[in-house]
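Here's the structure, in structure tokens; my notes come after.
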Amino acid sequence: MDEFSVRSSIENLNSYTVQHVNARIIADTNESNYPMPETVREKLLKITETFPFHRYPPIQAENLAATIAQELDLPDDNVRIGNGAGELLQKACYVFGGSGRKIAFPVPSFDMYATYIQLSDSTPAPYRLSDDGYLDAEAVISFCRAEQVALLIICNPNNPTGNYNPLPQVEKIIAAVNCPVVVDEACMEFAGGRDVDSLDMRPLNKIWLVAGSVLTISNKYSNLLCVRTFSKAYGLAGLRCGYAVGCSSIIRILGKTLLPYQVNAYTLMAAKTVYENKLLYRDLIKMVVREREQLADFLQQQGFEVWPSAANFVLFRANGNMAAVLAESYDEVYGRNEAMSPLEKSGHFIYRYLLNNGILTADLASCPQLAGCIRLTVVLPEENDNIRQQLQLLCTDIILHGTKKREE
């Protein structure tokens with residue numbers, strides 16, 4: 001039998017592929033390039049020596065869920081654990097979506113939202129962010145009401161633009177829409193704790209963990225689901241672990257889609273150990289923020305357009321004369337392509353130039369809303385120095401190229 005009957009949502013789904021490229025500096029997927037705090041590493045190694053690999057994990061990851069709930073001063077049944085934030089986002093689409101139901105998601109933002117929606121047989125309802133990635137609360141509320149969406153997804157800080165949307169703006173939306181709201185906060189630890197709900201009475205040693213986050217208002221709204229990850233600030237991307245926080249009713253419904261033993265025991269142990277020692281990551285997070293600001297300042301000084309970032313990455317692109325010169329260089333090196341705009345060519349040229357020098361970045365130059373853009377993950381200080389050096393050389397070449405063209 002050569003052909004099988006397949007659900008149309010699967011048959012028409014574009015396969016998610018990532019180009020595997022060897023590079024000295026990996027700055028394309030927002031992973032942490034920073035080493036684990038030595039104290040945490042030692043704890044994990046000690047536990048590993050006698051770890052019971054032959055035993056099943058807690059059936060619903062209760063050990064990690066209880067640890068997170070205790071830290072957030074919430075009941076245990078307000079937290080669920082998944083194989084990365086992605087699994088929890090996907091399951092939320094399963095729960096609240098389905099045939100004939102619309103799920104609203106931001107554009108430009110994380111490209112997997114559309115995939116999760118399609119996998120759940122739901123109808124995608126994209127809503128536009130501002131050109132620099134900010135929410136317009138009134139516009140989003142009006143959109144949700146007009147489209148009668150079954151679920152709303154918000155990404156904060158937004159990926160790939162990196163900008164932080166203030167908590168009052170996000171809360172305004174949550175309070176006004178009549179559907180569940182999933183807030184993806186994969187990079188919130190890097191946002192700097194800019195907002196705290198006035199009614200949040202947590203002690204200062206706990207406030208830093210939730211400042212700026214909808215976690216500060218998780219008890220106020222029954223339609224709110226906050227999703228976070230251990231992949232970014234805590235450097236556990238290879239183990240795949242995320243958590244969702246919400247009121248008990250929404251968490252109970254989400255939990256119905258999660259299979260027993262769905263997160264492996266070693267991942268749960270490592271995530272629990274990291275979370276119990278998360279204060280040891282504060283200096284590391286501050287270093288990432290400092291490096292991010294230095295990268296952004298450098299890029300602006302070189303004449304690039306830079307998006308305001310509160311994440312562990314920076315989005316930038318060439319514009320004006322710089323983009324024109326880079327587009328000419330693209331045509332000269334890779335051949336003229338009339339289907340691409342000068343902005344798109346300039347972004348592709350930057351991506352290939354950095355890759356040829358051992359630096360792998362995220363090439364977003366073909367994204368309609370972000371033409372010509374490159375997303376650059378904040379890496380180790382010495383790696384960031386190398387990136388600056390290579391871009392400095394590129395900008396010098398641009399000036400020389402432009403001067404030569406004018407002389408001709």
Query raised in the report: Looking only at atom types and distance, does a side-chain atom of Asn78 sit under 3.5 Å from a main-chain N or O of Gly246, one as donor and one as acceptor?
Result: yes
Cut-off 3.5 Å, no hydrogens considered: what does the side-chain donor-acceptor table look like for residues 362-381, sequence neighbours left out?
residue : atom : partner : partner atom : Å
Asp363  : OD1  : His348  : ND1          : 3.4
Asp363  : OD1  : Ala365  : N            : 3.0
Asp363  : OD2  : His348  : ND1          : 2.8
Ser366  : OG   : Glu344  : OE2          : 2.7
Ser366  : OG   : His348  : NE2          : 3.1
Arg375  : NE   : Asn30   : OD1          : 3.4
Arg375  : NH1  : Asn159  : OD1          : 2.9
Arg375  : NH2  : Asp28   : O            : 2.6
Thr377  : OG1  : Ala27   : O            : 3.2
Thr377  : OG1  : Asn30   : N            : 3.0
Thr377  : OG1  : Asn30   : OD1          : 3.0

**Report entry** Test item: Tyr164 side-chain N/O and Gly212 main-chain N/O as donor-acceptor pair under 3.5 Å
**Finding:** yes
Query raised in the report: For the side chain of Asn158 and the backbone of Pro108, is there at least one donor-acceptor N/O pair under 3.5 Å apart?
Result: yes
Report summary line: ring pair (Phe, Tyr, Trp, His ring centres under 6.0 Å) pairs touching residues 118-149, sequence neighbours excluded, are none
Report task. Determine the sole option in Asn156, Ile174, Leu225 for which the side-chain contact (heavy atoms from CB on, under 4.5 Å) test with Val214 is passed. Result -> Ile174
Query - Donor-acceptor contact below 3.5 Å, side chain Thr67 vs main chain Asn63 - result: yes
Table please: side-chain donor-acceptor pairs of residues 39-57 below 3.5 Å, with sequence neighbours left out.
residue : atom : partner : partner atom : Å
Thr48   : OG1  : Leu44   : O            : 2.6
Thr48   : OG1  : Tyr266  : OH           : 2.6

Report summary line: So the side-chain hydrogen bond (donor to acceptor under 3.5 Å, both in side chains) pairs with at least one residue in residues 249-260 (sequence neighbours excluded) are none
Query raised in the report: Relative to each other, are the rings of Tyr113 and Phe110 parallel, tilted or perpendicular (30° and 60° limits)?
Result: perpendicular
Report task. Name all residues meeting the side chain to side chain contact (heavy atoms under 4.5 Å, CB included) criterion together with Gln148; count only those two or more places apart in sequence or in a different chain, and write none if there are none. Result -> none
Tell me which donor-acceptor pairs under 3.5 Å the side chains of residues 299-306 have, and how far apart each pair is, sequence neighbours excluded?
residue : atom : partner : partner atom : Å
Gln302  : NE2  : Gln392  : OE1          : 3.3
Glu305  : OE1  : Arg317  : NE           : 2.9
Glu305  : OE1  : Arg317  : NH2          : 3.4

Query raised in the report: Between the side chains of Asn384 and Gln294, is a donor N or O closer than 3.5 angstrom to an acceptor N or O?
Result: no
Query - is_close_aromatic(Tyr243, Phe230), centroid dist under 6.0 Å - result: yes
**Report entry** Shortest non-hydrogen contact between Ala92 and Leu254, atoms and distance
**Finding:** N-CD1, 3.7 Å
